[in-house]
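Here is the structure we will look at, set down as structure tokens.
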Amino acid sequence: MRRSKIFLPTLKENPSEASITSHRLMLRAGMIRQSSSGIYTWLPLGYKVLKNIENIIRNEQNLISQELLMPTIQDSEIWKKSGRFEDYGKEMLKFKDRHEHELIYGPTNEELITDIFSKNVMSYKSLPLCLYHIQWKFRDEIRPRFGVMRGREFLMKDAYSFDKNKEDSIKCYNRMFLSYLRIFNKMQLKAIPVAADTGPIGGDLSHEFIILAETGESDVFIDKNILNEVIPDIKYDDSDKIAKLVNKLTAFYAAADDKHNEDKYLNAVKKDDMLQTRGIEVGHLFYFGDKYSKPLDANITNIEGNNSPVEMGSYGIGVSRLVGAIIDAHHDEKGICWPESVAPYIVGIINLRANDILCSELSDKIYNYLINNNIEVLYDDRDEGAGIKLAEMDLIGIPWQIRVGPRGIKNGYFELLNRESGNIIEISVNETDSIIKNIIG
RNA sequence: CGGGGCGUAGCGCAGCCUGGUAGCGCACCUGUUUUGGGAACAGGGGGUCGAGUGUUCGAAUCACUCCGCCCCGACCA
């Protein structure tokens, strides 16, 4: 994509509406624009990142679950059946259609998926089953804030598991646990599993995955040693090994303020290993048994030939929130430093002097070379001052910058800069091939 | 919902206290010169001053009402 063509309205100054880093940078980098409190338009650059995150989640979840797509608008009936029509309270957006029929904009999908399940699955032989979708939700938050971190409209991946008994359901829970570790790891995030309250979803087993960040919303108390844990290479069908991993990781003290117990903390963790900070919740696992299957009559015939409510769990990831969380973890004073796995473009070419034939020819050549090699590239071909282009490329955080200028060309090279480290490699103008070698390593 | 703050050009702000018909920087358009870290000069365009009502000869400015947005608390992916 050429910079002269892309719709990328960047801001030089900090918008007054944004107080935290990720929000400020998303507005400045032309990723989002607010439409109403807690509701945002995703501009092309931001939308690319959002889709990249979505795809990381999708690719990993597909190994243990099947994707479908449920609607955003739901009938109020099933919510009345489950009892949450009242329980969910004002956070749930309710409205009527032209026939005065009551509808809601889904804040989550347990009722709907349970309804689908109950109408289509009858026997334990069809289990286990795990389904997920990635869909926009609406929760009428009391106070939306921090941009995309606590929007009212937000993109969420939510998975739902159906099993014939608790034992199998826990196995699925554990697979999700591993899947989440891998997903966040691929985004260069250190996510810590923390024992959690189940809130309005309900249930008796639950973990939150929390990213440590100063701008996080909840206080967390952890044993630092958990940060050194490496995710082992385990297959998803190896339930025993996964269970051991889950046990190992959940054995570390890690709690958000609502579950924190100071005495336990002092007992379990050495003073030097204590870390109290703030965190952003990016994922949540729930096992809740028959909480929804019972009221919604989602029964299966078991091996004895009797009907019993199916065992369920649900597993969420805040997809749009992750964009903010990743920025929070990967930025510096100049702007964003995207991890390659989610970056909107892998390489940014800056033609430092667009009206110089040699610079433009070389820039064009590199641009075409990268396109032909299927590398996502943003080419700043504008006839602007060098400073503007350099500062903007830093701001939007493309992981690799190629700088083509008269100074380098005179000496027969152009520059390849790594955004995060700031390291610059000089590459001979005749060796464009070595760009890829340097990037891929 | 309680507490605080803000609303004036696309963005950031001044003007309001003490009423006299709107200004600055950036951005934008034209031209010239520039060009390795947000350039210089010259010229130009853009505003129902959040909305309504009232006070007044006259309201961005004063009063009342409403709306929107941000920040702190309770809720959550």
Side-chain angles (χ1 to χ4, degrees), chain A residues 9-20 23-24 27-28 30 33-39 53 57 87-92 106-109 134-159 180 191 196-201 206-211 216-218 256-258 279-286 314-325 334-335 350-356 359 382-395 401 403-411 414-415 417 424:
Chain A
T10 56
L11 267 26
K12 191 161 143 185
E13 290 179 272
N14 284 324
S16 61
E17 72 193 68
S19 61
I20 66 159
H23 189 194
R24 216 163 41 219
L27 288 165
R28 288 232 287 137
R33 285 295 180 267
Q34 178 162 310
S35 133
S36 176
S37 183
I39 302 177
I53 292 173
I57 296 171
D87 291 354
Y88 224 98
K90 287 189 170 176
E91 263 198 23
M92 187 155 71
T108 177
N109 291 62
I134 296 174
Q135 178 63 293
W136 293 92
K137 307 276 190 286
F138 190 91
R139 291 183 192 167
D140 202 355
E141 296 284 344
I142 298 167
R143 184 155 87 87
R145 67 182 117 166
F146 300 154
V148 118
M149 301 289 275
R150 173 175 297 279
R152 292 194 292 173
E153 188 183 57
F154 58 97
L155 188 61
M156 178 173 166
K157 184 286 304 186
D158 40 328
Y180 277 30
D197 262 341
T198 51
I201 310 283
S206 179
H207 286 92
E208 286 174 356
F209 283 77
I210 286 188
I211 307 297
E217 295 186 273
S218 43
D257 40 12
D258 52 344
I280 302 163
E281 183 187 349
V282 289
H284 207 149
L285 309 180
F286 299 93
S314 77
Y315 317 92
I317 291 180
V319 182
S320 44
R321 168 179 287 186
L322 273 168
V323 181
K334 291 177 181 168
I350 303 171
N351 182 356
L352 289 162
R353 195 164 313 168
N355 60 9
D356 178 290
C359 288
R382 296 172 303 172
D383 187 11
E384 294 279 357
I388 289 175
K389 293 188 275 199
L390 291 166
E392 186 186 86
M393 200 61 87
D394 286 344
L395 171 67
Q401 289 178 15
R403 299 171 168 185
V404 178
R407 200 172 73 194
I409 288 183
K410 198 189 286 176
N411 298 307
F414 59 90
E415 293 159 12
L417 174 136
I424 294 177

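Proteins get letters first, then strands, A, B, ... in listed order; numbering begins at 1 in each.
- Side-chain atoms of A:Tyr315 never come within 3.5 Å of backbone atoms of A:Lys157 as a donor-acceptor pair (strictly under, hydrogens ignored).
- Between A:Arg145 and B:rG73 there is a side-chain polar atom (N or O) within less than 4.0 angstrom of OP1 or OP2.
- Within 4.0 Å of A:Ala386, counting heavy atoms only, lie sugar-phosphate atoms of the nucleic acid but no base atom.
- Residues A:His23 and A:Met149 are not in side-chain contact: their nearest non-hydrogen atoms beyond the backbone lie 4.5 Å or more apart.
- In this structure, of B:rG36, B:rA77, B:rC71, it is B:rC71 that holds the atom nearest to the side chain of A:Arg143.
- Closest to the side chain of A:Asp394, from the set B:rG37, B:rC72, B:rC76, is B:rG37.
- A distance of about 16 Å separates the P atoms of B:rC6 and B:rG12, rounded to the whole Å.
- Among the protein residues, A:Gly89 comes within range of no part of the nucleic acid, since none of its heavy atoms lies under 4.0 Å from any strand.
- Looking at A:Ser35 and A:Glu153, their side chains never come closer than 4.5 Å, going by heavy atoms from C-beta outward.
- Nucleic acid contact class of A:Ile142 (heavy atoms, under 4.0 Å, all strands): base.
- Look at the C1' atom in both B:rC29 and B:rG10: the space between them is 14 Å, to the nearest Å.
- At a cut-off of 3.5 Å, with distance as the only test, a side-chain donor of A:Gln401 or A:Asp394 sits close to an acceptor on the other residue.
- Nucleic acid contact for A:Tyr315: none, since no nucleic acid atom lies under 4.0 Å from a heavy atom of the residue.
- Base pairing of B:rU65: its partner is B:rA51, meeting the Watson-Crick or G-U wobble criterion (both donor-acceptor distances under 3.5 Å).
- Residue A:Glu141 is classed as a base contact, given a heavy-atom separation below 4.0 Å to a base.
- Side-chain N or O atoms of A:Arg152 include one that pairs as donor or acceptor with a backbone N or O of A:Ser37 at under 3.5 Å.
- Residue A:Phe154 places its side chain closer to B:rA77 than to any other of B:rG37, B:rC70, B:rA77.
- Atom NZ in A:Lys157 sits about 13 Å away from atom P in B:rA77, given to the nearest Å.
- In the set B:rC75, B:rG36, B:rG38, B:rC75 carries the atom at the smallest distance from any side-chain atom of A:Arg150.
- At a threshold of 4.0 angstrom between heavy atoms, the contacts of A:Pro9 with the nucleic acid are absent.
- Contacts of A:Leu352 with the nucleic acid, taken as non-hydrogen atoms under 4.0 Å apart, include base atoms.
- Using a 4.5 Å heavy-atom cutoff, the side chains of A:Leu27 and A:Glu17 are in contact.
- Rounding to whole angstrom units, CD1 of residue A:Ile134 and P of B:rA77 are separated by 17 Å.
- Taking atom OH of A:Tyr88 as the reference point, atom C1' of B:rC75 lies 10 Å away to the nearest angstrom.
- Under 4.0 angstrom from either OP1 or OP2 of B:rC69 there lies no side-chain N or O belonging to A:Ser16.
- The shortest distance between side-chain heavy atoms of A:Thr10 and A:Arg28 does not fall below 4.5 Å.
- The nearest whole Å value for the distance from the CG atom in A:Asn109 to the P atom in B:rA77 is 14 Å.
- B:rA39 and B:rU33 make up a base pair, with Watson-Crick or G-U wobble contacts both under 3.5 Å.
- Residue contacts for A:Gly147: at a heavy-atom cut-off of 4.0 Å it reaches no nucleic acid atom on any strand shown.
- Remark: B:rA77 base-pairs with no nucleotide; criterion is Watson-Crick or G-U wobble with both hydrogen-bond distances under 3.5 Å.
- Of the C1' atoms belonging to B:rG68 and B:rU8, the separation is 15 Å, rounded to the nearest Å.
- Side-chain atoms of A:Asn14 stay outside donor-acceptor range of the base of B:rG12, with no qualifying N/O pair under 3.5 Å.
- Nearest-nucleotide positions on RNA chain B for A:Glu153 and A:Gly38 put A:Gly38 closer to the 5' end.
- Nucleotides of RNA chain B nearest to A:Ser320 and A:Ser36 differ in position, and the one nearer the 5' end is that of A:Ser36.
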Exercise for the section: In sequence, state the C-alpha distance, the side-chain angles, and the governing distance for A:Phe138 and A:Ile39, and then conclude on side chain to side chain contact (heavy atoms under 4.5 Å, CB included). Expected result: CA-CA 9 Å; A:Phe138 190 91; A:Ile39 302 177; 3.8 Å; yes

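- When both pairing distances are held under 3.5 Å, B:rU18 makes no Watson-Crick or G-U pair with any nucleotide shown.
- A:Ser314 contributes no side-chain N or O that, together with a main-chain N or O of A:Ala159, makes up a donor-acceptor pair within less than 3.5 Å.
- The partner of B:rC11, taking Watson-Crick or G-U wobble pairs whose two distances both stay under 3.5 Å, is B:rG25.
- Using atom P as the reference point in both B:rA59 and B:rC17, the two lie 14 Å apart (nearest Å).
- In this structure, the CD atom of A:Glu415 is 11 Å from the P atom of B:rG37, given to the nearest Å.
- Across every non-hydrogen atom of A:Glu91 and A:Glu141, the tightest pair is OE2-OE1, 4.1 Å.
- Closest approach to the A:Phe286 side chain among B:rG37, B:rA77, B:rG12 is made by B:rA77 (side chain taken as heavy atoms from C-beta onward).
- Look at CD on A:Glu392: it is 17 Å from C1' on B:rA39, rounded to the nearest Å.
- Across all strands shown, B:rA60 has no partner, as no Watson-Crick or G-U wobble contact with both distances under 3.5 Å is found.
- Applying the 4.0 Å criterion to OP1 and OP2 of B:rG68, one finds that A:Gln34 has every side-chain N and O outside that range.
- Here the side chain of A:Arg403 is nearest to one of B:rC13, B:rG38, B:rG37, namely B:rG37.
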Exercise for the section: Between protein and nucleotides 25-34 of chain B, map the contacts as a letter string: B base, S sugar-phosphate only, - none, heavy atoms under 4.0 Å, written 5' to 3'. Expected result: BS--------

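- Nucleic acid contact for A:Arg152: none, since no nucleic acid atom lies under 4.0 Å from a heavy atom of the residue.
- B:rC72 and B:rG54: their P atoms are spaced 39 Å apart (whole Å).
- Between B:rC26 and B:rG5, the distance separating the two P atoms is 32 Å to the nearest Å.
- Taking the P atoms as reference points, B:rU61 lies 14 Å from B:rU21, given to the whole Å.
- Side-chain contact check for A:Ile409 versus A:Cys359: some heavy-atom pair is nearer than 4.5 Å.
- For B:rG52 and B:rC70, the P atoms lie 23 Å apart once the distance is rounded to whole Å.
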